[in-house]
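Starting from 1, each residue takes its place in the sequence as its number.
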Amino acid sequence: MKYILSLDEGTTSARAIVFDSDGRPVAIAQKEFPQHFPKPGWVEHDAEEIWAAQIGVAIEALSRAKLAAKDLAAIGIANQRETTVLWDRATGTPVGPAIVWQDRRTAEHCERLRADGRTDFVRSRTGLPIDAYFSGSKIAWLLDHVPGARAKAEAGQLAFGTIDSWLAWKLTAGTAHVTDTSNASRTMLFDIHALDWDDELLRILNVPRAILPAVRSSSEVYGVATAPGLAGVPIAGIAGDQQAALFGQMCFAPGLTKNTYGTGCFMLQNVGDAPVASRNQLITTVGWTIGGRTTYALEGAVFVAGAAIQWLRDGLKIIRSAEEINALAATVPDNGGVYFVPAFTGLGAPYWDPHARGTIVGLTRGSTAGHLARAALEAIAFQSADLLNAMAADTGQPPLELRVDGGAAKSDLLMQTQADLLGIPVARPAITESTALGAAYLAGLATGVWTSTDELARQYRVEKRFEPAGSPDRAAAVHWARAIDRARDWAAP
Ligand code: ADP
């Protein structure tokens, strides 16, 4: 039996999972690391704290599996995307904080770029809207605010990386300064057609090429680990967490789509060998590159999904745990005409309205907490359906099924509601650690543990499949659209 160590470095915790060659998890370890909020809208990590947590859980997972480095065929990395680290090449020490994807400090910079009329150019090269989420403006901020950073960067003394690059550097003691195409495609500096850093974008964002990592495929040997406990193991797979999850859900063919139901939702659809430009505010991104072949994806996010359930728990206090929403919703046969748009922080694709706010409509004297619970679950399903419909509009091809994971995908009621709304089956896999599994698969493909995605696809097991009951309820969709209209523009200045 061959084993693969998968490092799943998330926004709040570092996880490590050891998989066997049947794609089954044999041991797992997880550790949270500190979040730093120095000012409103600023979110920072300490890259050294991430490294310490990540190497710690890697060793712990190995020991729980009763394995040693020599038993491992490879290491795979999946990481929180866009988060930006700048470090000194000579010492390997970060020269500033890691600026987290959620951080809004560069919103004004991005606003200026938009005002300068760069939107269409940036979108056509990178597949991205100009936004502070992506790494480009965060790099510029560090270069302009860390004393001496720009001069050192120009002189080739600094290295930039997203967290994948940082971990690969630390694992190899600075031998590998690499990233993969999926992570590069989130920087706003990367041409997703040419698959290279783009000089024009580098000029617009004032980022010197000398700091950038080499862009490699998502599945190849980047270097060999030297870190104690892992010495000698090749690092052989890298992908951003959502792309890794798409791969771990084995969405290898165009049209296959996964949705992760967490605090928010992340939906990605494989669109094949050529990028698809979105007319519905979705993001065009690299899925992965394997053996010289790049697979692209469309991506959309729901800002408030599981968070709506948390609000019923912590804000309204009508449930004590997230799981309780299911029993409460089951006290009523339907939503009783109640619709809940949880636009607490505005609406994402396909609406893109920062001024929308949370709205509950259709209340009558007979409305109960059960109706609201049902409306909250339906809201998650409706928002996800809006994304999937936007993808179908962009590709011209409605998908055949939706593959799901994440904490709220545990709700059978939510999954059945989703299937009913979409009119296609919803498949919940046996292994819902899609992100870690995807990174393991990428690493195993590069090191001979598996030979092809066809072989991997044979490992796909569905735990439960939710078949749609009849065709989608048009009246409900119309009500949802009207509820969205009520929520829109509410907080406009
Ligand atoms: P994240 O990675 O974003 O922290 P998770 O994938 O851990 O999120 O999912 C957590 C979310 O799942 C929470 O918002 C919670 O409301 C929801 N959740 C967890 N268990 C259930 C359940 N049994 N039924 C419905 N929702 C659930």
Side-chain angles (χ1 to χ4, degrees), residues 3-20 23-35 43 45-67 69 71-83 85 98 100-102 161-171 180 182-183 218 225 227 229-230 233 235-249 258 260-264 266 306 404-410 429-444:
Y3 297 92
I4 291 171
L5 174 66
S6 188
L7 308 181
D8 177 3
E9 196 295 309
T11 307
T12 57
S13 72
R15 289 141 49 82
I17 304 185
V18 180
F19 288 94
D20 66 19
R24 273 194 275 264
V26 295
I28 178 167
Q30 174 164 359
K31 189 174 194 306
E32 287 193 13
F33 53 80
Q35 311 285 312
V43 188
H45 292 157
D46 178 336
E48 294 285 16
E49 287 174 345
I50 290 180
W51 165 245
Q54 190 64 71
I55 189 71
V57 291
I59 302 301
E60 196 180 330
L62 261 193
S63 116
R64 284 191 186 166
K66 301 194 169 47
L67 298 171
D71 303 308
L72 294 175
I75 296 170
I77 299 173
N79 55 288
Q80 54 164 317
R81 304 175 300 174
E82 296 120 9
T83 298
V85 189
V100 179
W101 59 274
Q102 298 149 323
T162 39
I163 299 292
D164 53 313
S165 305
W166 168 245
L167 292 178
W169 174 284
K170 294 299 278 184
L171 284 165
D180 88 304
S182 77
N183 275 295
S218 313
L230 297 176
V233 185
I235 301 158
I238 294 180
D241 52 9
Q242 297 304 325
Q243 287 95 330
L246 187 69
F247 200 77
Q249 286 269 22
K258 75 93 192 173
T260 301
Y261 297 80
T263 309
F266 278 103
V404 300
D405 52 46
K410 280 186 280 197
I431 294 170
T432 50
E433 297 287 358
S434 316
T435 303
L437 184 60
Y441 279 165
L442 289 166

Distance (rounded to the nearest 0.5 Å) between R64 CZ and I59 CD1 | 13.0 Å
Is any NZ, NE, NH1 or NH2 atom of the basic residue among R15 and E433 found under 4.0 Å from an Asp or Glu carboxylate oxygen of the other?
-> yes
How far does CG of D241 sit from OG of S182, to the nearest 0.5 angstrom?
-> 9.0 Å
Is there a donor-acceptor contact under 3.5 Å from the side chain of W166 to the main chain of V85?
-> no
Sequence neighbours left out, what passes ring-ring contact (aromatic ring centres under 6.0 Å, His included) with W51? Give chain and number order.
-> none
Looking at side-chain heavy atoms only, is the closest gap between T12 and Q35 below 4.5 Å?
-> yes
Hey, is E49 close enough to K31 for a salt bridge, meaning N to O under 4.0 Å?
-> no
Over all atoms of both residues, closest heavy-atom pair of A69 and G229 | CB-O, 3.4 Å
Heavy-atom pair of closest approach, residues G10 and F33 = O-CZ, 3.3 Å
With sequence neighbours excluded, residues passing salt bridge (charged side-chain N to carboxylate O under 4.0 Å, His left out) with D405 = none
Does the side chain to side chain contact (heavy atoms under 4.5 Å, CB included) test come out yes or no for L230 and I75, once each step is laid out?
-> CA-CA 9 Å; L230 297 176; I75 296 170; 4.1 Å; yes
P34 and D46, any side-chain heavy atoms less than 4.5 Å apart = no
Gap separating the CG atom of N183 from the CG atom of D164, nearest 0.5 angstrom = 3.5 Å
Sub-4.5 Å side-chain heavy-atom contact between L62 and D71 | no
With W101, the side-chain contact (heavy atoms from CB on, under 4.5 Å) member among T11, V43, I163, T162 | T11
Closest contact, heavy atoms only, A29 versus A61 | CB-N, 3.8 Å
K258 side chain vs Q243 backbone, donor-acceptor pair below 3.5 Å | no
Here the pair of heavy atoms bringing A440 nearest to I4 is O-CD1, 3.5 Å
From CA spacing to verdict: side chain to side chain contact (heavy atoms under 4.5 Å, CB included), Q80, I50 = CA-CA 11 Å; Q80 54 164 317; I50 290 180; 3.8 Å; yes
In this structure, CG of D8 is separated from OG of S13 (nearest 0.5 Å) by 7.5 Å
Atom pair CG (L67) and CG (L5), whose distance is rounded to the nearest 0.5 Å | 10.0 Å
Which value, rounded to the nearest 0.5 Å, describes the distance between Q54 atom CD and N79 atom CG?
-> 9.5 Å
